[in-house]
Amino acid sequence: GAIQMTATQHPDAFADQSKAEARYTSLVNRLRIDNNKGSDVVQLRVTMDDPALAADTANNIAQAYMDYNKQISAGYGGGALMDIGKSLEENKRELATITDQIKQIKTKYSISDAQASAAMTDKSLKDTEMLMAQTEAQYTGAVGELAAAQQALATTPQYIRTSSDVQPNPAKLDLDAKITQTRSDLEMLRGKFTDSHPQVVQLSAKLTDLQNELARTPATIVGHSGTSLNPNYSQFKNAVATAQAKVSSLQNSLGTMQGTLAKLKSESAIYPEAEKQLAPLLQRKLQLEQLTMQLASQEAPLKLTGAGRTAQAQIVSLAMPPGTPSFPNSRVFVLMGLAVGIIISALIVMPKAPEILYAPTVSDTLALDGSIRSSTSALPDAEPVPARPAIESGTAE
């Protein structure tokens, strides 16, 4: 691309195939790129025999790189946008599938958040167990209170006598009369029969029974008495009723707590399995959500500009053709000529051994204008030395 732009600016430089190939070969061989240490500036150097051609070629190389970078950025932007859109669609489909699976598991176990529900259930389970232990202790105490109240009620008369009228017992009087009559009959039979006679024995036994019954019969009885409700009995009865109600209430509470405890234990056994099933799904859902956010943030600028990220490159200093050719440098060649002349002169003046057959020739000294300085040698040449080629002039950097 740089050569095409240069050929448009300098059509004579690439007039034919041979000249174009020579220019291209020279450019490739003499192109230099330096990266300055500690800096992000890259220095591009182009050396050609035409300074203006070299400067334009250097500038065109930089411009061609930036144009190529924009083309690559645009191509990558479209491809990246397609890849991001495809990845977003795949993420959305997988996210919808995982969300549906999570919903099914939560519906199956009737939970909204497995971890939170498990923690809440565990706390409720411990609180219920502690409250149940307290209620059981209260129930045991209430049962003891009820037993004590019932015992006190059983030993307390319901009514107490307030007044009484004592009179002889009619039953005792009747027994006395019967005993007297029986005793009289027994005496009459003894007058007729012996004591072993059956009638005598029977009547004797009857008399004995009557006498025993008389001994058990009180001499007096209460003819009339007044009674009233015993206050202690009423108090104990109320205590029994209170204790019974307390026992019933605590018993019902224990029954309810036992049901709640059984339900909590059943739920606590379910949550680990639900959490085991939900954990990988929730983790994958979080990863997909984060990835979707990242892809969306990458997609937004691509939709806006339609290009990918470009390299931050710009031309900070245009190449300008020098006023004078950088090669050959006359000052450098003057100094080099003086140094070579001094060295050759020293070699001529210094005494040499007789076996020296060679001395500098006229071709070893360069004049300031590039011509050959003429000089003679005191010694004959061993063999002719070919002349060194002159340095090609007209190059520029």
Side-chain angles (χ1 to χ4, degrees), residues 1 35 39-42 62-133 255-316:
N35 183 14
S39 172
D40 57 357
V41 177
V42 176
Q63 185 62 44
Y65 168 74
M66 290 191 295
D67 294 341
Y68 176 75
N69 184 37
K70 291 180 181 179
Q71 294 177 2
I72 294 298
S73 174
Y76 284 167
L81 188 60
M82 292 178 60
D83 292 340
I84 290 175
K86 183 178 179 181
S87 298
L88 280 173
E89 290 297 326
E90 293 177 353
N91 286 355
K92 290 179 180 179
R93 286 195 297 269
E94 185 177 358
L95 190 60
T97 302
I98 291 178
T99 302
D100 185 61
Q101 292 176 353
I102 292 174
K103 183 178 179 180
Q104 291 177 1
I105 294 174
K106 290 183 176 181
T107 303
K108 175 182 177 181
Y109 294 104
S110 300
I111 57 175
S112 57
D113 188 344
Q115 293 182 349
S117 299
M120 186 179 300
T121 301
D122 185 62
K123 183 178 182 304
S124 300
L125 183 62
K126 293 180 180 179
D127 293 343
T128 303
E129 288 177 344
M130 182 176 63
L131 183 60
M132 188 172 178
T256 303
M257 290 180 186
Q258 288 174 352
T260 302
L261 188 63
K263 182 179 179 181
L264 292 174
K265 287 182 178 180
S266 176
E267 291 178 354
S268 63
I270 290 175
Y271 290 137
E273 180 63 25
E275 187 175 356
K276 181 180 179 181
Q277 297 178 14
L278 288 173
L281 295 176
L282 292 174
Q283 183 178 5
R284 180 56 181 166
K285 181 181 179 181
L286 179 61
Q287 293 175 352
L288 289 174
E289 289 175 347
Q290 293 176 349
L291 182 58
T292 301
M293 292 177 61
Q294 293 176 0
L295 292 174
S297 64
Q298 296 174 5
E299 184 185 35
L302 291 177
K303 285 185 175 180
L304 183 63
T305 62
R309 182 178 180 182
T310 59
Q312 299 298 321
Q314 60 179 342
I315 300 175
V316 296

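Only this structure's heavy atoms are used, side chains among them; waters, hydrogens and symmetry mates stay out.
In terms of heavy atoms, Leu288 sits closest to Thr292 at O-OG1, 2.7 Å. Closest non-hydrogen pair, Ile98 versus Leu281, comes out as CG2-O, 3.4 Å. Across every non-hydrogen atom of Met257 and Thr128, the tightest pair is O-CG2, 4.1 Å. Contact detail for Leu282 and Ile102: the closest heavy-atom pair is CD2-CD1, 3.6 Å.
Qualifying salt bridge (Lys or Arg N to Asp or Glu O under 4.0 Å) partners for Glu129, counting only residues two or more places apart in sequence or in other chains: none.
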> Would Glu89 and Lys86 count as a side-chain contact (heavy atoms from CB on, under 4.5 Å) if you check the C-alpha gap in whole Å, the side-chain angles of each, and the deciding distance to 0.1 Å?
Replying inline: CA-CA 5 Å; Glu89 290 297 326; Lys86 183 178 179 181; 5.9 Å; no
>> Could you walk me through whether Met66 and Ile315 satisfy the side-chain contact (heavy atoms from CB on, under 4.5 Å) test, starting with their C-alpha distance in whole Å, then the side-chain angles of each, then the deciding distance to 0.1 Å, before giving a yes or no?
In response: CA-CA 9 Å; Met66 290 191 295; Ile315 300 175; 3.7 Å; yes
> Would Glu94 and Arg284 satisfy side-chain contact (heavy atoms from CB on, under 4.5 Å), going step by step from the backbone distance to the final call?
Replying inline: CA-CA 9 Å; Glu94 185 177 358; Arg284 180 56 181 166; 2.9 Å; yes
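Expressed to the nearest 0.5 Å, how far CG of Asp127 lies from CG of Leu261 amounts to 11.5 Å. Considering CD of Gln104 and OG1 of Thr99, their distance stands at 11.0 Å, rounded to 0.5 Å.
Screening Lys285, Gln287, Met293 for a side-chain contact (heavy atoms from CB on, under 4.5 Å) involving Glu289 leaves a single residue, Lys285.
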